Amino acid sequence: MKLKSHINQIIQDAFTKADISHEAMSVSEATKPEFGDYQFNGAMALAKKLGKNPRVIATEILNHLDFTGALSKGEIAGPGFINLWLNPLWLASECQVASLDERLNIVKKETPIKAVIDYSGPNMAKQMHVGHLRSTIIGDTLANLLHFLGDDVIRQNHIGDWGTQFGMLIAYLEEQNEDGSVSLKDLEKFYKEAKGRFDEDATFADKAREYVVKIQSGDTHCLNLWQKFIDISLGHCEEVYEKLDVKLTRDDVRAESFYNAQLPKVVETLQNRGFLEESNGAKCVFLEGDEIPVIVQKGDGGYLYATTDLAALEFRANTLEAKRICYVVDARQAGHFKQVFTVAKNAEFVASDVSLEHIAFGTMMDKGGKPFKTRDGGTIKLINLLDEAVIKAKESINNKDDYSESELADLAKTIGIGAVKYADLSINRESNYIFNWDKMLSFEGNTSLYLQYAYARIQSIFRRFDGKIEGKILINDALEHRLSVMLLRFEDILNRAAVDASPNQLTTYLYELATLFMRFYEQNPILKEGVDEETKMSRLQLANLTAKTIKQGLEILGIKVVNKL
RNA sequence: GCACCCAUAGCUCAGCUGGAUAGAGCAUCGCCCUUCUAAGGCGAGGGUCUUAGGUUCGAAUCCUAAUGGGUGUACCA
């Protein structure tokens, strides 16, 4: 149910009937229960334009409001707020519809678009570390969300499999006289050693650069070694994806190297369309207002990541036919993406109606609020973090005796991984992220476990109830009323979260829903003695719809629910 | 130097297109388990929304400046 749109339409109709012209304005959720369910504040904004007292305008609107459907009551308050109450009978019937529907009565988009979500993007020369968590999780959530709402989602894992560092690795491999099979088992260590050689020995560094050229020119021996790197490294990533329960597969991998063949053409196109300038030997696009140019070809003829990104944009817009392209990448690259997007649009690599979005997220900070160092050790490998989370989750389980060993392992995995993901997704993605083990693995407050617990309690009710659910949902008290409104807001939240690409709007909603349910649950008995049959049936259905909503919400976040906790 | 981002309770954070008395969790202090899972619920205390101006009927939210922090700044990605 698109609740806001529905109410907005009723207000729109009142405007039409009252013969007041106005710009479209939306209702907002009431800030307090005593102000109703929704409030319309547009009368104040219109007052000046129309030269009328806002309360007079509010009265005119109110007099024309239709109170035979969703709304039951309207009141003017303060300077001209219109407070609106939803009709309990209408709420009940809408909840009923939602509870009987697989999709909770959330319609798929009428005009779906193709959306590319570029996320995770690990570097093949290194193992994934905690810094990769956000891109992977936020991107996966966004993909799930858009898919659920009906868009045609194309996941793209733009892995870093090209560039100087691979020349460095191969040079080191040659130096060690190895074929790769042994050393590559510990890629991380191997990378560090190679990096050490590269930094301290100029001759080695030159050699590394030679190897880069060799790979790029298609030298079979080098390409084979390179391929070995990629396979091993991608295997590491897939292990992480598996643990994270992220939907990325090998089919979603479209590596940097995939665009290699297109790079000369990118430069050529820019040249032909008159965007290219040569500066200090490099081929650049200078943008108005930017001091620093976008360099697409180095003085030595090599290409850069801006070139690859332009090729990727062209591919995504034209071959994949995407209308929305989202890059889930660290906020530090904001400048880069702003420039590349501008060039892509100006040079018509992508049509003007394609939405290019940098879904930026904050930097990982340590406890002292200082940025996490990723260069010189000290980074936590993502795989280790996930394993640790599962171990801690297992320790935290209270009644271990209730489970078999394998049940316990499954439960710990679901809870532990869910906690890590939720901790990350529940903060505003643009804020810097303070990495904290304790907080990440804590199960208190706005955490996945709170939601899991709410869900499990509902499941417990249904385990005890062995009848058949019949009858209607009845909204009889204030808590039931608020719960039903909250339940019906789900679609609005999802749409908002999709537009803003902000998972934390969904987590906030789910937490509020769960909190409201807990209160409802404490005060409104369901299966206890003395609850009449009608009320029992109604509350069972409200509980059921709550559970379904939590489950669906968590599913979009990539978190599984457990039936028992 | 220039550019971008951020600043909300002791701590970690919400706060959607400007709306009524700024909200959670943690921590602190009370209360509620013979009754559907206490990993829960109820209550208390805790705020000059960094500062100073401005726009507006109305500002945590928009604008300007200052301060503090983060980030980016030509051939790495």
Side-chain angles (χ1 to χ4, degrees), chain A residues 24-26 28-32 34-35 39 41 44-45 47-48 54 77-81 83 121 123 125 160 162-165 256 279-284 289-300 302-306 308-309 329-336 338 360 362-363 365 369-371 396-399 415 426-428 430-432 434 436 438-439 442-447 449-450 452-454 456-465 492-493 496-497 499-500 502 504-505 507-508 511-512 515 518-519 521-531 539 543 564-565:
Chain A
M25 277 174 288
S26 178
S28 50
E29 284 90 33
T31 49
K32 287 171 191 296
E34 55 266 40
F35 297 152
Q39 56 179 251
N41 306 325
M44 274 100 70
K48 200 165 197 182
F81 298 105
N83 294 335
N123 189 325
W162 209 246
T164 323
Q165 54 203 327
E256 280 176 2
S279 173
N280 296 327
K283 292 188 176 165
C284 311
D290 281 348
E291 276 183 52
I292 296 126
V294 181
I295 303 176
V296 291
Q297 193 168 16
K298 298 195 276 186
D300 67 4
Y303 300 102
L304 291 140
Y305 76 139
T308 311
D309 277 341
V329 181
D330 192 303
R332 283 177 285 196
Q333 300 206 31
H336 165 72
K338 200 181 165 198
T363 309
M365 310 289 243
K370 293 274 195 280
S396 78
I397 293 167
N398 286 338
N399 40 345
I415 289 174
S426 62
I427 61 169
N428 187 321
E430 292 183 80
S431 315
N432 282 344
I434 294 184
N436 182 332
D438 296 339
K439 201 197 163 195
S442 147
F443 298 129
E444 286 172 325
N446 183 9
T447 63
L449 201 83
Y450 183 86
Q452 296 281 17
Y453 182 60
R457 283 178 112 175
I458 297 171
Q459 298 316 306
S460 168
I461 295 170
F462 283 97
R463 274 196 295 276
R464 284 164 180 272
F465 173 74
D492 284 343
I493 299 294
R496 187 83 216 173
V499 170
D500 297 342
S502 56
N504 83 303
Q505 292 190 29
T507 60
T508 301
Y511 180 60
E512 281 173 9
T515 305
M518 291 290 201
R519 294 174 62 187
Y521 175 94
E522 295 278 338
Q523 287 183 38
N524 299 26
I526 300 174
L527 299 180
K528 291 181 186 176
E529 290 286 314
V531 181
R539 288 177 180 169
K564 216 171 112 189
L565 201 57

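For clarity, every value in this text was computed on a predicted model and none was experimentally measured. Chain letters run A, B, ... following the sequence lines, proteins first, then strands; residues in each count from 1.
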Which part of the nucleic acid does [X] contact within heavy-atom distance under 4.0 Å: base, sugar-phosphate only, or nothing?
X	answer
A454(A)	nothing
I427(A)	sugar-phosphate
A331(A)	nothing
R539(A)	nothing
Q333(A)	base
K283(A)	nothing
N428(A)	sugar-phosphate
T508(A)	sugar-phosphate
S396(A)	base
S431(A)	sugar-phosphate
N432(A)	sugar-phosphate
F35(A)	base
L565(A)	base
G299(A)	base

[X] [atom1] to [N] [atom2]: how many Å, rounded?
X	N	atom1	atom2	result
M25(A)	rG18(B)	CE	C1'	13 Å
I493(A)	rC16(B)	CD1	P	12 Å
E522(A)	rA38(B)	CD	P	7 Å
Y450(A)	rU37(B)	OH	C1'	13 Å
H336(A)	rA3(B)	NE2	P	22 Å
K32(A)	rU21(B)	NZ	C1'	5 Å
Y511(A)	rU12(B)	OH	C1'	13 Å
N446(A)	rG40(B)	CG	P	13 Å

Interatomic spacing from [atom1] in [X] to [atom2] in [Y] - rounded to 0.5 Å:
X	Y	atom1	atom2	result
L527(A)	R464(A)	CG	CZ	8.0 Å
F462(A)	I458(A)	CZ	CD1	7.5 Å
I427(A)	T507(A)	CD1	OG1	9.5 Å
N41(A)	N83(A)	CG	CG	8.5 Å

Considering only the [atom1] atoms, how many Å lie between [N] and [M], rounded to the nearest integer?
N	M	atom1	answer
rG10(B)	rG45(B)	P	15 Å
rA39(B)	rU34(B)	C1'	22 Å
rG19(B)	rU56(B)	C1'	12 Å
rG15(B)	rG72(B)	C1'	29 Å
rA22(B)	rG58(B)	C1'	15 Å
rU12(B)	rA3(B)	C1'	30 Å
rG25(B)	rA66(B)	P	39 Å
rG70(B)	rA27(B)	P	30 Å

Checklist line | Closest-nucleotide ordering on RNA chain B, the 5'-leading residue of S426(A) and L527(A) | finding: S426(A)
Next item on the list: On RNA chain B, check which nucleotide each of G445(A) and K338(A) is closest to and give me the residue with the more 5' one.
Entry: K338(A)
Options [options], nucleotide nearest the side-chain atoms of [X]:
X	options	result
R457(A)	rA74(B), rC16(B), rA38(B)	rA38(B)
T31(A)	rA39(B), rC36(B), rA20(B)	rA20(B)
Y521(A)	rG72(B), rA39(B), rU37(B)	rU37(B)
M518(A)	rC16(B), rG41(B), rG72(B)	rG41(B)
C284(A)	rC36(B), rA74(B), rU17(B)	rA74(B)
L449(A)	rG19(B), rA39(B), rC36(B)	rA39(B)
Y453(A)	rA14(B), rC36(B), rA39(B)	rA39(B)
N83(A)	rG40(B), rU37(B), rA20(B)	rA20(B)
N399(A)	rC36(B), rA39(B), rG19(B)	rA39(B)
E256(A)	rA77(B), rG40(B), rU35(B)	rA77(B)

[N] pairs with which nucleotide, Watson-Crick or G-U wobble, both distances below 3.5 Å?
N	answer
rG25(B)	rC11(B)
rU35(B)	none
rC49(B)	none
rC2(B)	rG72(B)

Next item on the list: Quick one: do T363(A) and D330(A) satisfy side chain to side chain contact (heavy atoms under 4.5 Å, CB included)? Show the steps, please.
Entry: CA-CA 7 Å; T363(A) 309; D330(A) 192 303; 4.1 Å; yes
Margin query: In the structure I gave you, are the side-chain heavy atoms of S460(A) and K564(A) within less than 4.5 Å of one another anywhere?
Written below: no
Next item on the list: Would you check, one step at a time, whether the test side chain to side chain contact (heavy atoms under 4.5 Å, CB included) holds for L565(A) with I415(A)?
Entry: CA-CA 10 Å; L565(A) 201 57; I415(A) 289 174; 3.4 Å; yes
Note to self: Between K48(A) and rC57(B), is there a contact of a side-chain N or O with OP1 or OP2 at under 4.0 Å?
What the structure shows: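 Checking rC57(B) against K48(A), a side-chain N or O does come within under 4.0 Å of OP1 or OP2.
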Margin query: With a cut-off of less than 4.0 Å, is there a side-chain N or O of R519(A) near OP1 or OP2 of rC42(B)?
Written below: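 Result: yes.
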Item checked: Polar pair under 3.5 Å, donor/acceptor by atom type, side chain Y305(A), base rA77(B) -> yes
Checklist line | R496(A)/D500(A) ion pair, N-O < 4.0 Å | finding: yes
Next item on the list: Please check if atom CD in E34(A) has more than 12 non-hydrogen atoms from other residues, nucleotides or ligands closer than 6.0 Å.
Entry: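 More than 12 heavy atoms, drawn from other residues, nucleotides or ligands, come within 6.0 Å of this atom.
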Item checked: Syn/anti state of rC36(B) by chi, 90° boundary around 0 -> anti
